[in-house]
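Ligands are counted one by one from 1 in listed order, and the atoms in each one are counted from 1 as well.
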Amino acid sequence: MADITCALGAWDGTNAARLSLSALCRLPRALQPAFDPRELSVGSIHLGVGAFHRAHQAVLTQEAMEASGALAWGVLAASERTPAIPRLLEAQDCLYSLGVKGKALPGWRVVATIREAVFAPEQWPRLEVAFGSPDVSLVTLTVSEKGYRYDPVSRELNWEDEELAADLLGRPPKSVVGQLARGLEARFRACAAPMTVLCCDNLVDAGRLLEGLVVQFIDRMSVEGGLDRSAFRNWVSESVSFPLSVVDRIVPAAGEAERIEAGQRLGFSDLVPVVTEPYCQWVLEGRFAAPRPAWQLAGALFVNDVAPYQRVKLRLLNATHSLIAYLGALSGHETIAAALEDEAIRAAAEHIMREFASRLESPGGLDLATYQRSVLERFANRHLSHRTLQVAMDGSQKLPLRVLEGLREARRDGDMAFFATLAVASWIVFVAQGEDDVGRSLPVDDPLAEWLLRARGLAPAAATRELLQMGQIFGSDLPEDSAWVRLLEHQVKHLWRLPHREGLRSLLRGQADA
Ligand code: CS2
């Protein structure tokens with residue numbers, strides 16, 4: 001690492017040319033894809049062109065094309081909220097670099113799977129044409145939990161959402177579910193060839209959920225031009241499949257340091273590099289209605305039952321991640337790796353994993369104890385600067401899926417779920433008390449921030465009650481579980497006082513003595 005930093009310091013990218021197709025052939029062979037990107041045709045659409053897609057599906061698709069020689073899987077990638085990434089990608093022929101950082105020396109290469117990038121709300125006609133093309137048979141999505149605009153408790157679209165309401169009336173759609181429904185409508189009208197819609201977000205039973213949301217939208221959307229709504233709906237249920245998949249790779253948001261390092265590695269400037277860890281997992285259900293890339297050649301695992309893999313990932317990895325993020329941010333740690341060096345936080349992380357693991361079935365002979373160790377090792381990767389505040393974002397959308405489902409299961413068995421409860425308590429203190437151990441205010445970056453922040457300034461018990469009232473997070477069962485609410489209030493009270501790390505230590509001591 002030392003010499004890399006040194007070389008980075010020496011690199012002045014101010015006047016460097018941008019990465020481009022013509023720059024690509026001047027790079028060392030090891031950095032180039034094994035195919036000429038000009039030969040790729042667009043075979044799939046991706047909604048949500050954030051760092052995760054660029055470090056996961058786009059990379060495995062590239063490897064699948066390299067291994068199979070089938071070059072029909074170029075991606076038309078769309079962003080939903082801002083035009084920034086598509087514009088930057090287009091300015092460098094949609095090429096970008098991927099840095100993989102772990103124990104070994106970092107490995108860099110260029111990813112060329114994305115062939116076009118658009119800002120969906122403004123460039124809808126291009127997406128609509130792609131949806132209708134028989135050459136395109138796949139749509140993948142990574143739009144994060146909040147992108148689906150649904151209520152995780154009822155699994156219904158959030159009908160109060162203004163964007164959804166406007167999309168239902170028939171404007172070029174801005175919501176992802178609106179884009180899928182209108183895009184599928186375009187396909188039904190144009191060629192009616194089968195299509196696969198593959199959700200790659202951390203949701204529970206994502207395929208079925210997404211199919212349900214799309215059908216709910218179709219049932220209410222305005223239709224024009226003599227569209228037979230029920231024939232369209234039948235076509236969706238017969239010809240469009242929504243397989244389940246579990247994706248896993250830690251991909252922190254890249255910043256200036258990553259751009260400088262990518263520029264130094266390539267000798268060309270790259271404004272949208274991604275940096276990730278060596279680990280990469282993709283578990284998929286084989287229900288594809290139409291052709292797909294040969295991802296199995298790139299290490300993807302096809303199984304009959306994805307759900308147990310999803311539960312293991314959400315509860316052992318994501319729930320633990322959130323717990324470390326809230327406890328870490330409260331204690332003033334910038335990164336997940338730094339937070340894990342704090343003994344009390346590490347102990348809490350080990351405990352929540354053990355607590356959840358005791359109720360999990362291990363899929364495909366996976367050894368859950370080894371899995372837990374490897375997750376902690378991955379979190380401890382100091383070469384990735386994964387900020388606690390990044391993982392802390394969108395807690396209202398994440399906790400129901402990664403923590404509360406498992407917590408409910410434990411409560412049904414009469415178990416208090418002390419550490420899953422601690423994940424909820426640390427989130428409540430993060431949101432409501434809102435200050436870290438060094439006196440910095442903690443930002444609540446969450447689609448429900450306006451409501452969550454009503455708890456700020458209240459006393460611990462009142463703040464807990466205020467937040468528990470939010471049915472779209474806690475349902476009606478948890479707030480009525482008085483024994484559990486008492487435990488939650490007790491933990492919130494302990495964590496509330498500054499320094500938070502002392503509160504955590506006393507809670508852990510109390511639990512060890514119990
Ligand atoms: C993280 C995930 O930001 C978060 O909430 O827990 O993005 C996590 O890094 C990925 O799911 C790892 O696959």
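Counting non-hydrogen atoms of neighbouring residues, nucleotides and ligands closer than 6.0 angstrom, the CZ atom of R81 reaches no more than 12 such neighbours.
Residue K313 approaches ligand 1 through these ligand atoms, each under 4.0 Å from one of its heavy atoms: 10 (C), 11 (O), 12 (C), 13 (O). Applying the 4.0 Å criterion to heavy atoms of R402 picks out, from ligand 1, the atoms 4 (C), 5 (O), 6 (O).
Of the N or O atoms in R378, none lie within a sub-3.5 Å distance of an N or O in ligand 1. Annotation: R249 places an N or O atom under 3.5 Å from an N or O atom of ligand 1; distance criterion only.
A side-chain donor-acceptor contact under 3.5 Å links T142 and H46. Inspection of the K101 and N381 side chains reveals no N or O donor paired with an N or O acceptor under 3.5 Å.
Considering W73, F302, W282 as possible partners of W295, the one that fulfils the ring-ring contact (aromatic ring centres under 6.0 Å, His included) test is W282. Applying the side chain to side chain contact (heavy atoms under 4.5 Å, CB included) test between L314 and each of N318, L317, L316, V312 identifies N318 as the sole match.
At a heavy-atom cutoff of 4.0 Å, ligand 1 is contacted by the side chain of N202 but not by its backbone. Looking at Q281 against ligand 1, nothing comes within 4.0 Å, counting heavy atoms.
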- Message: Please determine whether side chain to side chain contact (heavy atoms under 4.5 Å, CB included) holds for the pair F217 and L164, giving the CA-CA distance in whole Å, both sets of side-chain angles, and the decisive distance to 0.1 Å.
- Response: CA-CA 9 Å; F217 188 97; L164 271 178; 4.1 Å; yes
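Regarding atom 12 (C) of ligand 1, its nearest protein heavy-atom neighbour is D248 OD1, 3.3 Å. Atom 2 (C) of ligand 1 has its closest protein heavy atom at N318 ND2, 3.6 Å.
For the pair R54 and Y96, the distance from NZ or CZ to the six-membered ring centre is under 6.0 Å and the angle to the ring normal is within 45 degrees.
With M393, H321, E145, K398 as candidates, the residue nearest to atom 3 (O) of ligand 1 on a non-hydrogen basis is K398.
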